Amino acid sequence: MRLWLTSDLSLGSSSPSKSGKGPGKTPASKPKVKTTPETPKEAQTYLTQVVNKGRFQKAGDTLTVHAGDTLELRCKGNPVEWAVPAYLEEDDEGRLRTVQHERYRTLFLANSTAADTGEFTCYPMYCEDKDCRKQYDKGVKVFIFFSDPQELFVPSADYYEVIQLRTSWPTVLPCQVTSPLAKVTLHQEFPPVEVKVDGREISFDVKKGFTIHRPKQYHAGSLYCVASLGNLRQSSTKYMLIYVNYPAAPPSPAIQASSDTVAVGQNLQVTCTVIGKQDVVVDFTWEYPGQKIGRPLYTQDSVQTVQVDGQNRQRTQTILLVDEVREVDQGTYTCTAQNLEGSRSASTSVKVQQSARTNTKPKKP
């Protein structure tokens, strides 16, 4: 089976435009005039399948190939690069190879299997001298199903796959089928029930699997997919979904010192506070002037539920304790708060003054 991927993409140089001549006009030599280059039209990219010698069939963004057949794809352009499913990127059997020709690059895949199912992309390259990079916005993509009468799901080496459910982040259960004609349903293991797929809370895409758009705690558990085609019915890998209350953004710490000015010998407290969603872990780190001389770090940490605008929120707090302040403790105190989404810092400055009770001797000249 041969698949031809053709594109109007041109690289390196553009073909000269043809200018029409109006009736009754005699061509004459004209001086060259610099013009502002027009934005090129969108390249028309299309995919055709070679059914038999001399016969072509236009295809859409998906193709179905029988497992075991040899796949041949051509992408117009020089140079161009192919991107293939992760499984094929690790091919060490010599089944996959690409060849760059004068006007196109060919991808060959021999002895195809159901595991090869996935997205194949051809990228035109933009080159300056020997430095080339992919033009991702001009990539030509096709999703290919390698149908196997004995394998309705893309094979997996794992019996269980652990997936984290992140708050407010879509989660995909990648139960990828090898045929777009397979009917796929989602099931919960305990208790054994079919999960409702309404297209809003949970949706299905034959090229990706099931997507839980806004995960909640009740989505956690052991789930699996069931595919049916003809008289064949198979179950997928089981997915262990663990709910983690991910924050929507990095924390925003607020920092405050017990006093902006402290006398030598007094105690100092610098408090760093984060108000955010409940059950979100926040870690703190400190930078303080005493680090320069190896002054040890003493902190008091706490997590409490507080009311903010009528809603339960979590207050995570750390207090840096500096006993018997010395001159070396003068300077900037920085608190960095970090959660699973990132980190942010806040700083404050503290000035140290000589105590009135301290006997100071004039310096010798």
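For clarity, every value in this text was computed on a predicted model and none was experimentally measured.
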Given 3.5 Å as the limit, does a donor-acceptor pair link the side chain of [X] with the main chain of [Y], or not?
X	Y	result
S236	C225	yes
S258	Q269	yes
S259	T261	yes
Q353	V262	no
N267	E324	yes
S112	D69	yes
E151	D148	no
D158	E161	no
Q188	F190	yes
K216	R214	yes

> Where do W82 and R105 land on the side-chain contact (heavy atoms from CB on, under 4.5 Å) test, with the steps shown first?
Replying inline: CA-CA 8 Å; W82 280 100; R105 191 179 192 94; 3.9 Å; yes

Is [Y] close to [X] at the side-chain level, that is, under 4.5 Å between some pair of heavy atoms?
X	Y	result
L268	Y333	yes
T305	R315	no
T98	F108	no
V162	Y239	no
R95	D116	yes
V303	Q314	yes
F204	L186	no
L107	L71	yes

>> Between V197 and F210, is the side-chain contact (heavy atoms from CB on, under 4.5 Å) condition met? List the steps.
In response: CA-CA 9 Å; V197 178; F210 289 95; 3.6 Å; yes

Flag yes if [X] and [Y] sit in one hydrophobic cluster, no otherwise; membership is Ile, Leu, Val, Met, Phe, Trp, Tyr, and two members link when side-chain heavy atoms are under 4.5 Å apart.
X	Y	result
L88	F143	no
L181	L232	yes
I144	V184	no
V206	I202	yes
V328	V350	no

How far does [atom1] of [X] sit from [atom2] of [Y], to the nearest 0.5 angstrom?
X	Y	atom1	atom2	result
Q307	N312	CD	CG	4.5 Å
Q311	Q278	CD	CD	10.0 Å
I163	L173	CD1	CG	4.5 Å
L152	S179	CG	OG	7.5 Å
K238	E189	NZ	CD	3.5 Å
T113	F146	OG1	CZ	8.0 Å

> Has R133 got its NZ or CZ under 6.0 Å from the middle of the six-membered ring of Y126, at an angle within 45 degrees of the ring axis?
Replying inline: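 That pair does not qualify as a cation-pi contact.
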
>> Quick test of your reading of the model: are K292 and E287 salt-bridged, counting only N-O distances below 4.0 Å?
In response: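 Looking at K292 and E287, the cut-off is not met.
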
> Taking NZ, NE, NH1 and NH2 as the nitrogens, is one of them in R74 or E72 under 4.0 Å from a carboxylate oxygen of the other?
Replying inline: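 Looking at R74 and E72, the cut-off is met.
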
Write down the atom of [X], the atom of [Y], and the distance for their closest heavy-atom approach.
X	Y	value
M240	Y160	CE-CE2, 3.9 Å
A337	P251	O-CG, 3.3 Å
N111	T70	N-OG1, 4.4 Å
V274	P253	CG2-CA, 3.8 Å
D323	R295	O-NH2, 3.0 Å
V154	A115	CG1-CA, 3.9 Å

Quick check: are there more than 12 heavy atoms from other residues, nucleotides or ligands sitting under 6.0 Å from [atom1] of [X]?
X	atom1	result
Y298	OH	no
E327	CD	no
K208	NZ	no
E341	CD	yes
K207	NZ	yes

> Please walk me through it: do E194 and T185 pass side chain to side chain donor-acceptor pair (under 3.5 Å)?
Replying inline: CA-CA 7 Å; E194 181 176 339; T185 52; 4.7 Å; no

> So H187 and Y224, would you call those rings parallel, tilted or perpendicular, with 30° and 60° as cut-offs?
Replying inline: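 Parallel.
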
>> Could you walk me through whether V84 and L109 satisfy the side-chain contact (heavy atoms from CB on, under 4.5 Å) test, starting with their C-alpha distance in whole Å, then the side-chain angles of each, then the deciding distance to 0.1 Å, before giving a yes or no?
In response: CA-CA 11 Å; V84 297; L109 177 61; over 6 Å; no

> Going through the distances and angles, do V177 and F153 end up as a side-chain contact (heavy atoms from CB on, under 4.5 Å)?
Replying inline: CA-CA 4 Å; V177 289; F153 289 104; 3.9 Å; yes

> Y136 and Y123: aromatic ring centres closer than 6.0 Å?
Replying inline: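 Centroid separation for Y136 and Y123: below 6.0 Å.
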
